[in-house]
J.: 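Attaching a single structure in structure tokens format; questions to follow.
In what follows, chains are A, B, ... by sequence order, proteins preceding strands, each numbered from 1.
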Amino acid sequence: MKDFILPDADFGTPARRSDRTVTLSIDGFEVTVPEGTSVMRAAAELGIEIPKLCATDSVEPIGSCRLCLVEIEGRRGTPASCTTPVAPGMKVHTQTPRVAKLRRGVMELYISDHPLDCLTCAANGDCQLQDMAGAVGLRDVRYAPGANHFETRQNGEANPRYMPNDETNPYFTYDPAKCIACYRCVRACEEVQGTFALTVEGRGFEARISAGGSDFLSSDCVSCGACVQACPTATLQEKSVIEMGTPDRAVVTTCAYCGVGCNFRAEMKGDQVVRMVPAKDGKANRGHSCVKGRFAYGYATHPDRILNPMIRDSIDEPWREVSWQDALAFTAQKFRAIQQQHGIGAIGGITSSRCTNEETFLVQKLIRQVFGNNNVDTCARVCHSPTGYGLKTTLGTSAGTQDFDSVEQADVVLVIGANPTDGHPVFASRLKKRLRQGARLIVADPRRIDLVRGPHVRAAHHLPLRPGTNVVLLTAMAHVIVTEGLTDDAFIRERCELDAYQDWAGFVAEGRHSPEATEQLTGVPAAELRAAARLYATGGNAAIYYGLGVTEHSQGSTTVMAIANLAMATGNIGRPGVGVNPLRGQNNVQGSCDMGSFPHELPGYRHVHDADARGMYERLWNVTISDEPGLRIPNMLDAAVGGTFKGIYIQGEDILQSDPDTKHVASGLAAMDCVVVHDLFLNETANYAHVFLPGSTFLEKDGTFTNAERRINRVRRVKAPLNGLADWEVTQALANAMGAGWAYAHPAEIMAEIAATTPSFAGVSYELLEREGSVQWPCNAAAPLGTPIMHEGGFVRGKGLFVVTDYVPTDERTGPRYPLLLTTGRILSQYNVGAQTRRTANTIWHEADVLEIHPHDAETRGIKEGDWVRLASRSGETTLRATLSDRVSPGVVYTTFHHPETQANVVTSDYSDWATNCPEYKVTAVQVAQTNGPSDWQQTYAERARAARRILPAAE
Amino acid sequence: MTPEKLIYMANQIATAFARRPEDEAVAAIAEHIDAFWGPGMRAQLLALAEAGAPDISPRVLRAAERIRRPQAA
């Protein structure tokens, strides 16, 4: 365990990047720093801490508190060190009688309007005002009591300047009485988060921090925590700290929500998490966080968590709590009996994109070594499998090309089929920061997502395409680039296969692909599309970021290849600031794919046809590995219905809620003899399970997650698993119950096996991660510290391959009965199927899924704001409430899928990507009509779920 | 899996390679199916092809001749 009692060092002002350096002397010590660095930061680098209140290194300095005054030889007065840049030969004195006196005077004024309740204050021991009073040697406050902001009553009357606490945010309070008006929160909201929700009302003595004139909850605040982080006092304070007191130790770990993979300091008191604070040196998040990672960890101790293993013979029975030993023996016996009766291939398993690399590796090893087949799949099947196929085909590797830092050097950013401010909020903040510096943005999305028009961010072009026409749009962009001669011919000649390029260029240049010819199909004005294509090709470093709006289509793989084509044709690959960047949904989607979770691939994306790769595992594991791809999730379910597939081990995945065609999933599960669900909660899938193995949270185990930038981040155990075992220990125990004889004592040993058998992980070890913090694969002899940018010298596949991207429209068509197109997405406060976030106070922002419908479509159907509506497709129907919004175009409706009651996947179609069978979640033809309340199916389902979740009291 | 769905999926793959010359496309279809489809799905497809199921695209039929024969499970 790694302990840091001290907070991350605060250098006072942000780091500057410059080719030129400046040498100066501070208190007689020489220091050399990049040009543009502040005197305060230069001093901090020497270890000299100049007193400060309004400066912190996450935001630009404003020089308002006057506490950081210094004297500089040859200069008049006492400049603020935070706003004074260094100059060559400068001689600075940070501690002179003159500045000491001035600082005491400043502190005296601050303290004259501050309550002196330090002993009972939530920030006691963690307050910079307190620290600074000590640092400057304040011994006396000479000002007589007068007008102030902290006394509730004065002279027998209510103090008009006193404002009560704002407690509306579930996670932090705003106590105006403790505010010193340093503006750090306001600047953090602007500069770090980019939301601009906070402002200052009034001037001078009347200056008050305000959430735009309303309370925090009803303001624009997104509860990212940046202001709380920046606040030097108890003004903005985590409620958990108010309740529990200050933490006594901190452990650096990695968030278990989205694919950004933010590093956090889990600040602890005993085995209780006091707060999660974003780690400044986290290479994905650089000290920032979102409402989920920062605050929504309460699910880890939610009473719904199941802590004891449970079994039952039939899914009609209530659960029986049993010992681990009994549960595992029961499972092993059932699995082996099934195999004896129905063959080796009659069982399989699903790995989890929420679990660690080590756990995922073990699950696929369990299946390949102990079950003896390749029947392993993972939820990436339903999200980013087209990324794997598309990028491997064109570039040679199944992963994004950049690190997140790369966005700082992008000049043009194309966001397609992604909504980063909701789905990948910390990346969105970093992107918005770059946009505010002048980078230009193209958004291709059926909805007017927040990025299109936000505070100080305007997309240069919003291309509101019809759902399902990504390929047409991207090919039309390529048409403009090729026919207007905007290609990077030198790059193409040197780096790509020329025949394939010629073929592709000829294809996209055909008149039928022009923006004008395709305008009717996409709904995007041709002139706007032409302008966007020109900007992408000629605007400098151009980067593409995309999400599930690209992959979850019949043409998902084709679209990914169209994206790679664009990047190659314009030479936007292989250096910082450019590239092709899939934004991964879950924390470890990348890792679960890397670890051999697909039925046709061994770890490291080696096909089961590859005899060398098989041979390596066969020797190590002492088994024969089949050279035949195993069953994919839908195949397992089909085989179950057909009677040839009888048992499944599902780790950390709720296929009933997240996979397409809910009714088919249910009948598949119901047809099996032994469904084992290994999870935190009795999820929807568990309604069909015979064995429930309680899972552990990311706080309770060691391991690694691999984020969307291929970064392998450490997950560290900060508390013992409430259920007794970490997930890797459960899988190991199950394997051993089936006779495997595994003896891993720590996940580091599993990583050693991964490194020894997987070329792209060859250099990875826990020692290396301890030393470097994190590394990006490939990490091996050729790249001992990992690979931030891929394809720098050449493509992984050798030459880049242009692939012709014919548009094959989905067979999911609108018509008279289903005239609208449904598309789906996420909201900031909730995550995926909501199993975690619904069990936190985040529900205050999103209690239920709602249907966004254009006012025009609503009016013709007589639908008003908040009405219950029936959403019906060819597959099924559900009901939810409607909200009227012009963010969607007429003809398009939108909803989220965070709540099981909604069951959006009852509605989605059965169509899927041609190459990978990733389901087409993003396009469903639907009809919407008024209704009175939940559908029969929803009610029956809710009753069934209640019955399936009964637990008998433990037998003594 | 229903025969309709299996044929639909195979035809989807054929469509994706539709622009390639006949022989190349047939090879690509067979290669894709060998790489990603398990023996059960391949056996089902081959049986359907042999039985002359209608609706199978001609190129998938030709590819079926080259698809790896699944061994008995």
J.: Under 6.0 Å between ring centres: does that hold for W914(A) and F17(B)?
T.: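 Centroid separation for W914(A) and F17(B): below 6.0 Å.
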J.: Are any of the side-chain nitrogens in D638(A) or K5(B) under 4.0 Å away from the carboxylate oxygens of its partner?
T.: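 Here D638(A) does not pair with K5(B) in a salt bridge, since their nearest N and O are not under 4.0 Å apart.
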J.: Do any of residues 601-614 of chain A have a heavy atom less than 4.5 Å from a heavy atom of chain B, and if so, which, in residue order?
T.: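 Within residues 601-614 of chain A, the residues under 4.5 Å from chain B are H607(A), H609(A).
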J.: Other residues, nucleotides and ligands only: do more than 12 of their heavy atoms fall within 6.0 Å of CD on E31(B)?
T.: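 Not buried by this count: 12 neighbours or fewer within 6.0 Å.
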J.: Should the pair E628(A)-R69(B) be classified as a salt bridge under the 4.0 Å nitrogen-to-oxygen rule?
T.: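 Looking at R69(B) together with E628(A), the answer is no, because their closest N to O distance does not fall below 4.0 Å.
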J.: Would you give the length of the straight line joining atom CG of N917(A) to atom CD1 of I13(B), rounded to the nearest 0.5 angstrom?
T.: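 The distance works out to 7.5 Å.
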J.: With no hydrogens and no angle check, is any side-chain donor or acceptor of H600(A) less than 3.5 Å from a backbone partner on W37(B)?
T.: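 Checking the backbone N and O of W37(B) against the side chain of H600(A), no donor-acceptor pair under 3.5 Å is found.
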J.: Quick test of your reading of the model: are R68(B) and D627(A) salt-bridged, counting only N-O distances below 4.0 Å?
T.: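 Looking at R68(B) and D627(A), the cut-off is met.
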J.: What part of A35(B) lies closer than 4.5 angstrom to a heavy atom of chain A: side chain, backbone, both or neither?
T.: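 Looking at A35(B), backbone and side chain both touch chain A.
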J.: How far does CZ of F36(B) sit from OH of Y389(A), to the nearest 0.5 angstrom?
T.: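 If I round to the nearest 0.5 Å, the distance is 6.0 Å.
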J.: For I344(A), I'd like to know if atom CD1 has over 12 heavy atoms of other residues, nucleotides or ligands within 6.0 Å.
T.: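 For I344(A), atom CD1 is not crowded (no more than 12 foreign heavy atoms under 6.0 Å).
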J.: N11(B) versus chain A, heavy atoms under 4.5 Å apart: side chain, backbone, both or neither?
T.: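 Neither part.
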J.: For the aromatic rings, using the six-membered ring if either is Trp, is the centroid distance between Y911(A) and Y8(B) under 6.0 Å?
T.: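 Y911(A) vs Y8(B): aromatic centres under 6.0 Å.
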J.: If you take all heavy atoms of R42(B) and P629(A), which pair is closest and at what distance?
T.: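 That closest heavy-atom pairing would be NH1-CD, 4.2 Å.
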J.: Could you tell me whether the side chain of R19(B) reaches within less than 4.5 Å of the side chain of D503(A), counting heavy atoms only?
T.: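 When only atoms from C-beta onward are counted, R19(B) and D503(A) do touch, with a gap below 4.5 Å.
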J.: If you count the non-hydrogen atoms of other residues, nucleotides and ligands that lie under 6.0 Å from CD in E22(B), is the total more than 12?
T.: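 Yes, CD of E22(B) has more than 12 neighbouring heavy atoms, counting only those of other groups under 6.0 Å.
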J.: For Q12(B) and D913(A), work out which heavy atoms get closest and say how close.
T.: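 Between these two residues, the closest heavy atoms are NE2-C, 4.1 Å.
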J.: Would you compute the distance between atom OG1 of T393(A) and atom NE2 of H32(B) and round it to the nearest 0.5 angstrom?
T.: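 Separation between the atoms: 8.5 Å.
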